[in-house]
Amino acid sequence: MEKFVGQKREEHSAANDGSTKPLRKKLKVENDEKVKEEEFDPEDDEDTALAEFSHPIPWQKIEAEGLDCDYALLFSKEEADRLFRQLEEEVVYSTGQEAKVQVFGKVYNIPRKQATYGDEGLTYTYSGVKRFACPWTQALEYIRDAVTKTTGHTFNFVLINRYKDGQDHMGEHRDDERELDPLCPIASVSLGAARDFIFRHRDARGKESSRQIEPVKLELAHGSLLLMNSPTNTFWYHSLPVRKKVLVPRINLTFRRIVQPSQK
DNA sequence: TACCACCCAAACTC
DNA sequence: GGAGTTTGGGTGGT
(Lines give C-alpha, C1' and ligand atoms only; values in the text may rest on other atoms or scores of the structure.)
Protein backbone atom coordinates (compact mmCIF):
# COMPACT_ATOMS: atom_id res chain seq x y z
CA MET A 1 0.00 0.00 0.00
CA GLU A 2 1.32 3.40 -0.91
CA LYS A 3 1.84 5.72 1.96
CA PHE A 4 0.95 9.31 1.21
CA VAL A 5 1.33 12.26 3.46
CA GLY A 6 -1.79 12.88 5.45
CA GLN A 7 -3.44 15.79 7.10
CA LYS A 8 -2.98 15.78 10.83
CA ARG A 9 -3.03 19.40 11.79
CA GLU A 10 -1.64 21.36 14.67
CA GLU A 11 -1.25 25.11 14.60
CA HIS A 12 2.20 26.61 14.96
CA SER A 13 3.65 29.88 13.95
CA ALA A 14 7.42 29.69 13.73
CA ALA A 15 9.66 27.96 11.25
CA ASN A 16 12.41 25.64 12.41
CA ASP A 17 15.16 27.89 11.11
CA GLY A 18 14.02 30.73 13.28
CA SER A 19 12.90 32.99 10.44
CA THR A 20 9.58 34.74 10.62
CA LYS A 21 6.95 32.83 8.70
CA PRO A 22 3.20 32.97 8.36
CA LEU A 23 0.98 30.80 10.51
CA ARG A 24 1.01 27.30 9.15
CA LYS A 25 -0.55 23.94 9.74
CA LYS A 26 1.45 20.94 10.86
CA LEU A 27 1.19 17.64 9.08
CA LYS A 28 2.78 14.35 10.05
CA VAL A 29 3.35 11.16 8.09
CA GLU A 30 0.94 9.09 10.09
CA ASN A 31 -1.99 8.17 7.89
CA ASP A 32 -2.57 7.17 4.31
CA GLU A 33 -4.23 10.14 2.71
CA LYS A 34 -2.70 12.26 -0.01
CA VAL A 35 -2.31 15.99 0.32
CA LYS A 36 -5.41 17.11 -1.45
CA GLU A 37 -5.58 19.98 -3.88
CA GLU A 38 -9.16 20.71 -2.83
CA GLU A 39 -7.94 21.82 0.57
CA PHE A 40 -7.05 25.13 -0.97
CA ASP A 41 -9.92 27.54 -1.32
CA PRO A 42 -9.19 30.10 -4.05
CA GLU A 43 -11.85 32.37 -2.56
CA ASP A 44 -9.55 33.02 0.39
CA ASP A 45 -6.83 34.20 -1.89
CA GLU A 46 -8.51 35.92 -4.78
CA ASP A 47 -8.24 39.53 -3.73
CA THR A 48 -4.65 39.56 -2.63
CA ALA A 49 -2.92 37.01 -4.81
CA LEU A 50 -1.85 39.31 -7.59
CA ALA A 51 0.01 41.87 -5.55
CA GLU A 52 0.79 40.65 -2.06
CA PHE A 53 2.13 37.38 -0.73
CA SER A 54 2.97 38.31 2.82
CA HIS A 55 -0.47 37.25 4.06
CA PRO A 56 -0.72 33.97 5.96
CA ILE A 57 -1.23 30.95 3.72
CA PRO A 58 -2.22 27.50 5.00
CA TRP A 59 1.05 25.65 5.39
CA GLN A 60 1.26 21.96 6.00
CA LYS A 61 4.22 20.51 7.87
CA ILE A 62 5.70 17.30 6.51
CA GLU A 63 7.95 15.54 8.97
CA ALA A 64 9.76 12.25 9.36
CA GLU A 65 13.11 11.26 10.82
CA GLY A 66 15.56 13.83 9.41
CA LEU A 67 12.92 15.16 7.02
CA ASP A 68 11.47 18.62 7.45
CA CYS A 69 9.34 20.15 4.69
CA ASP A 70 6.60 22.74 4.44
CA TYR A 71 3.93 22.58 1.76
CA ALA A 72 1.43 25.20 0.69
CA LEU A 73 -0.61 26.35 -2.26
CA LEU A 74 1.06 29.62 -3.12
CA PHE A 75 -0.89 30.68 -6.22
CA SER A 76 -4.57 30.56 -7.10
CA LYS A 77 -5.44 28.43 -10.13
CA GLU A 78 -5.94 31.51 -12.28
CA GLU A 79 -2.58 32.97 -11.40
CA ALA A 80 -0.79 29.65 -11.70
CA ASP A 81 -2.30 29.28 -15.17
CA ARG A 82 -1.04 32.73 -16.12
CA LEU A 83 2.45 32.08 -14.79
CA PHE A 84 2.63 28.73 -16.55
CA ARG A 85 1.78 30.36 -19.88
CA GLN A 86 4.30 33.14 -19.29
CA LEU A 87 7.08 30.68 -18.48
CA GLU A 88 6.27 28.68 -21.60
CA GLU A 89 6.97 31.84 -23.59
CA GLU A 90 10.00 33.12 -21.67
CA VAL A 91 12.14 30.19 -20.57
CA VAL A 92 14.84 28.91 -22.91
CA TYR A 93 15.87 25.32 -22.15
CA SER A 94 19.24 23.67 -22.62
CA THR A 95 19.91 21.83 -25.85
CA GLY A 96 22.77 19.85 -27.37
CA GLN A 97 25.43 18.51 -25.00
CA GLU A 98 23.89 20.32 -22.05
CA ALA A 99 20.72 18.22 -22.49
CA LYS A 100 22.61 14.93 -22.25
CA VAL A 101 23.99 12.93 -19.35
CA GLN A 102 26.49 10.10 -19.19
CA VAL A 103 25.48 7.05 -17.13
CA PHE A 104 27.61 3.92 -16.95
CA GLY A 105 29.60 5.07 -19.93
CA LYS A 106 26.51 5.59 -22.08
CA VAL A 107 25.23 8.99 -23.12
CA TYR A 108 21.48 9.57 -22.70
CA ASN A 109 19.14 12.46 -23.33
CA ILE A 110 18.01 13.85 -19.99
CA PRO A 111 14.37 12.74 -19.62
CA ARG A 112 13.10 16.30 -19.13
CA LYS A 113 14.13 19.82 -20.18
CA GLN A 114 16.34 21.97 -17.96
CA ALA A 115 17.22 25.64 -17.65
CA THR A 116 19.14 27.71 -15.11
CA TYR A 117 18.46 31.36 -14.25
CA GLY A 118 19.81 33.60 -11.53
CA ASP A 119 21.93 36.57 -10.51
CA GLU A 120 24.57 37.70 -12.98
CA GLY A 121 27.74 35.65 -13.04
CA LEU A 122 26.45 32.78 -10.89
CA THR A 123 27.33 29.23 -11.83
CA TYR A 124 26.00 25.97 -10.45
CA THR A 125 27.56 22.54 -10.88
CA TYR A 126 25.43 19.41 -10.69
CA SER A 127 25.71 15.98 -12.27
CA GLY A 128 29.27 16.97 -13.12
CA VAL A 129 28.14 19.80 -15.40
CA LYS A 130 28.80 23.48 -14.72
CA ARG A 131 25.91 25.72 -15.73
CA PHE A 132 25.74 29.48 -16.02
CA ALA A 133 22.73 31.44 -14.82
CA CYS A 134 20.70 33.28 -17.48
CA PRO A 135 19.36 36.68 -16.34
CA TRP A 136 16.04 36.57 -14.44
CA THR A 137 12.94 36.92 -16.60
CA GLN A 138 9.86 38.90 -15.55
CA ALA A 139 7.86 35.82 -14.55
CA LEU A 140 10.76 34.25 -12.69
CA GLU A 141 11.38 37.44 -10.70
CA TYR A 142 7.68 37.61 -9.85
CA ILE A 143 7.61 34.01 -8.60
CA ARG A 144 10.93 34.41 -6.77
CA ASP A 145 9.64 37.51 -4.97
CA ALA A 146 6.40 35.73 -4.07
CA VAL A 147 8.39 32.89 -2.52
CA THR A 148 10.61 35.35 -0.64
CA LYS A 149 7.66 37.27 0.77
CA THR A 150 6.01 34.04 1.85
CA THR A 151 9.05 32.34 3.36
CA GLY A 152 11.34 35.16 4.48
CA HIS A 153 14.22 33.64 2.51
CA THR A 154 16.01 35.21 -0.45
CA PHE A 155 17.17 33.24 -3.48
CA ASN A 156 19.78 34.00 -6.15
CA PHE A 157 19.32 31.02 -8.47
CA VAL A 158 16.61 28.82 -9.93
CA LEU A 159 16.86 25.44 -11.65
CA ILE A 160 13.92 24.83 -13.96
CA ASN A 161 12.80 21.34 -14.97
CA ARG A 162 10.07 20.92 -17.58
CA TYR A 163 8.35 17.54 -17.79
CA LYS A 164 6.43 17.36 -21.08
CA ASP A 165 4.15 14.59 -19.74
CA GLY A 166 4.17 11.63 -17.34
CA GLN A 167 6.93 9.91 -19.32
CA ASP A 168 9.39 12.62 -18.36
CA HIS A 169 10.80 12.02 -14.91
CA MET A 170 13.75 12.44 -12.56
CA GLY A 171 15.64 9.70 -10.76
CA GLU A 172 16.39 9.55 -7.05
CA HIS A 173 18.89 12.14 -5.94
CA ARG A 174 19.73 14.65 -3.23
CA ASP A 175 20.22 18.39 -3.67
CA ASP A 176 23.32 18.52 -1.52
CA GLU A 177 25.80 20.37 -3.70
CA ARG A 178 28.50 22.16 -1.77
CA GLU A 179 27.65 25.46 -3.46
CA LEU A 180 24.25 25.58 -1.75
CA ASP A 181 23.84 27.75 1.33
CA PRO A 182 23.10 25.12 3.99
CA LEU A 183 20.99 27.55 6.03
CA CYS A 184 18.63 28.34 3.17
CA PRO A 185 15.89 25.85 2.28
CA ILE A 186 15.28 24.82 -1.33
CA ALA A 187 11.94 26.19 -2.50
CA SER A 188 10.19 24.09 -5.13
CA VAL A 189 7.33 25.70 -7.07
CA SER A 190 5.12 23.48 -9.24
CA LEU A 191 3.07 24.67 -12.19
CA GLY A 192 1.03 22.52 -14.57
CA ALA A 193 0.30 18.83 -14.13
CA ALA A 194 0.15 17.52 -10.56
CA ARG A 195 2.85 14.88 -10.12
CA ASP A 196 3.77 12.39 -7.42
CA PHE A 197 6.95 13.24 -5.53
CA ILE A 198 8.72 10.61 -3.46
CA PHE A 199 11.21 10.94 -0.63
CA ARG A 200 13.28 7.90 0.36
CA HIS A 201 15.62 7.76 3.36
CA ARG A 202 19.27 7.10 2.46
CA ASP A 203 19.38 4.14 4.88
CA ALA A 204 16.30 2.55 3.33
CA ARG A 205 17.51 2.32 -0.29
CA GLY A 206 18.55 -0.85 -2.09
CA LYS A 207 18.17 -4.53 -1.32
CA GLU A 208 20.72 -4.48 1.49
CA SER A 209 19.24 -1.41 3.16
CA SER A 210 20.21 -1.16 6.81
CA ARG A 211 16.84 0.09 8.04
CA GLN A 212 13.16 -0.06 7.18
CA ILE A 213 11.90 3.47 6.83
CA GLU A 214 8.71 4.10 4.86
CA PRO A 215 9.07 6.41 1.87
CA VAL A 216 7.19 9.70 2.08
CA LYS A 217 4.98 10.33 -0.93
CA LEU A 218 3.14 13.49 -1.80
CA GLU A 219 1.41 15.02 -4.76
CA LEU A 220 2.69 18.41 -5.88
CA ALA A 221 -0.25 20.45 -7.11
CA HIS A 222 -0.53 23.25 -9.67
CA GLY A 223 0.59 26.47 -7.96
CA SER A 224 2.10 24.74 -4.95
CA LEU A 225 5.28 25.48 -3.00
CA LEU A 226 7.34 22.83 -1.22
CA LEU A 227 10.08 24.01 1.13
CA MET A 228 12.81 21.47 1.80
CA ASN A 229 14.43 22.56 5.04
CA SER A 230 17.73 21.38 6.46
CA PRO A 231 18.60 18.55 7.08
CA THR A 232 16.14 16.95 4.62
CA ASN A 233 18.63 16.80 1.76
CA THR A 234 21.27 15.17 3.95
CA PHE A 235 19.17 12.12 4.81
CA TRP A 236 16.49 11.86 2.13
CA TYR A 237 16.63 11.29 -1.62
CA HIS A 238 13.76 12.51 -3.75
CA SER A 239 12.45 11.56 -7.16
CA LEU A 240 9.68 12.30 -9.64
CA PRO A 241 8.65 8.89 -11.02
CA VAL A 242 7.10 8.11 -14.39
CA ARG A 243 3.31 8.45 -14.37
CA LYS A 244 1.99 7.32 -17.73
CA LYS A 245 -1.53 8.56 -17.10
CA VAL A 246 -0.25 12.15 -16.91
CA LEU A 247 -0.64 13.68 -20.38
CA VAL A 248 0.06 17.36 -19.77
CA PRO A 249 3.28 19.23 -18.95
CA ARG A 250 4.62 20.33 -15.59
CA ILE A 251 7.18 23.05 -14.90
CA ASN A 252 9.11 22.84 -11.65
CA LEU A 253 11.18 25.72 -10.32
CA THR A 254 13.65 25.01 -7.52
CA PHE A 255 14.87 28.26 -6.01
CA ARG A 256 18.21 28.05 -4.25
CA ARG A 257 20.76 30.28 -2.58
CA ILE A 258 24.19 29.64 -3.98
CA VAL A 259 27.39 30.65 -2.28
CA GLN A 260 30.18 30.75 -4.84
CA PRO A 261 33.57 29.44 -3.61
CA SER A 262 35.03 32.97 -3.72
CA GLN A 263 32.31 34.15 -1.33
CA LYS A 264 32.99 31.40 1.21
C1' DT B 1 -2.13 -5.64 -20.46
C1' DA B 2 -0.74 -1.64 -18.10
C1' DC B 3 1.36 0.34 -14.54
C1' DC B 4 4.58 0.68 -10.98
C1' DA B 5 8.47 -0.53 -7.54
C1' DC B 6 12.81 -2.06 -7.30
C1' DC B 7 17.40 -3.39 -8.64
C1' DC B 8 21.51 -3.19 -11.37
C1' DA B 9 24.91 -1.92 -14.97
C1' DA B 10 30.47 1.08 -15.00
C1' DA B 11 32.94 5.22 -15.58
C1' DC B 12 33.80 9.22 -13.59
C1' DT B 13 34.21 13.01 -9.85
C1' DC B 14 35.36 14.66 -5.53
C1' DG C 1 41.29 4.87 -2.16
C1' DG C 2 36.63 4.79 -1.65
C1' DA C 3 32.01 6.54 -1.65
C1' DG C 4 28.63 8.56 -4.34
C1' DT C 5 26.29 9.48 -8.62
C1' DT C 6 23.60 9.34 -13.10
C1' DT C 7 19.27 6.72 -16.46
C1' DG C 8 17.33 2.92 -19.02
C1' DG C 9 16.11 -1.67 -19.02
C1' DG C 10 14.78 -5.99 -16.95
C1' DT C 11 12.01 -8.37 -13.62
C1' DG C 12 8.34 -9.28 -10.67
C1' DG C 13 4.05 -7.88 -8.29
C1' DT C 14 -0.62 -6.01 -8.50
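Note that these values count all heavy atoms, side chains included, but never hydrogens, waters or copies made by symmetry.
Relative to the six-membered ring of A:Tyr124, A:Arg256 misses at least one condition, a distance below 6.0 Å or an angle of at most 45° to the axis. The side-chain tip of A:Arg144 does not point at the ring of A:Tyr117 from less than 6.0 angstrom away and within 45° of straight on.
Listed nucleotides: B:dC3, C:dT7, B:dA5. Nearest to the side chain of A:Lys244: B:dC3. Of the candidates C:dT6, B:dC6, B:dC4, the closest approach to any side-chain atom of A:Arg200 belongs to B:dC6. Taking every side-chain heavy atom of A:Tyr237 into account, C:dG4 is the closest of C:dG4, B:dA5, B:dC3. Nearest to the side chain of A:His173, among B:dA5, C:dT7, C:dT6, sits C:dT6.
Remark: A:Arg202 pairs with no residue by the salt bridge (Lys or Arg N to Asp or Glu O under 4.0 Å) rule, at least two apart or across chains.
Across the protein-nucleic acid pair, A:Asp196 atom CG and B:dC6 atom P stand 13 Å apart, rounded to whole Å. Across the protein-nucleic acid pair, A:Phe197 atom CZ and B:dA5 atom C1' stand 17 Å apart, rounded to whole Å. Note: CD1 (A:Ile110) to P (C:dG8) measures 10 Å, nearest angstrom. C:dT6 atom P lies 11 Å from atom CD of A:Glu172, rounded to whole Å. Taking atom NE2 of A:His169 as the reference point, atom C1' of C:dT7 lies 6 Å away to the nearest angstrom. We find that CG of A:Asp175 is positioned 17 Å from P of C:dG4, with the value rounded to whole Å. Look at CZ on A:Phe235: it is 16 Å from C1' on C:dG4, rounded to the nearest Å. As rounded to whole Å, 11 Å separates atom P of B:dC4 from atom NZ of A:Lys217.
Within 4.0 Å (heavy atoms only), A:Arg202 reaches no atom of the nucleic acid at all.
One finds no side-chain N or O of A:Arg174 lying less than 4.0 angstrom from the OP1 or OP2 phosphate oxygen of C:dG4. Taking side-chain N and O atoms only, A:Arg112 has no distance below 4.0 Å to OP1 or OP2 of C:dT6.
In this structure the side chain of A:Asp165 never reaches within 4.5 angstrom of the side chain of A:Leu247, judged on heavy atoms.
In the model, A:Asn156 has no side-chain atom that pairs as donor or acceptor with a side-chain atom of A:Asp119 under 3.5 Å.
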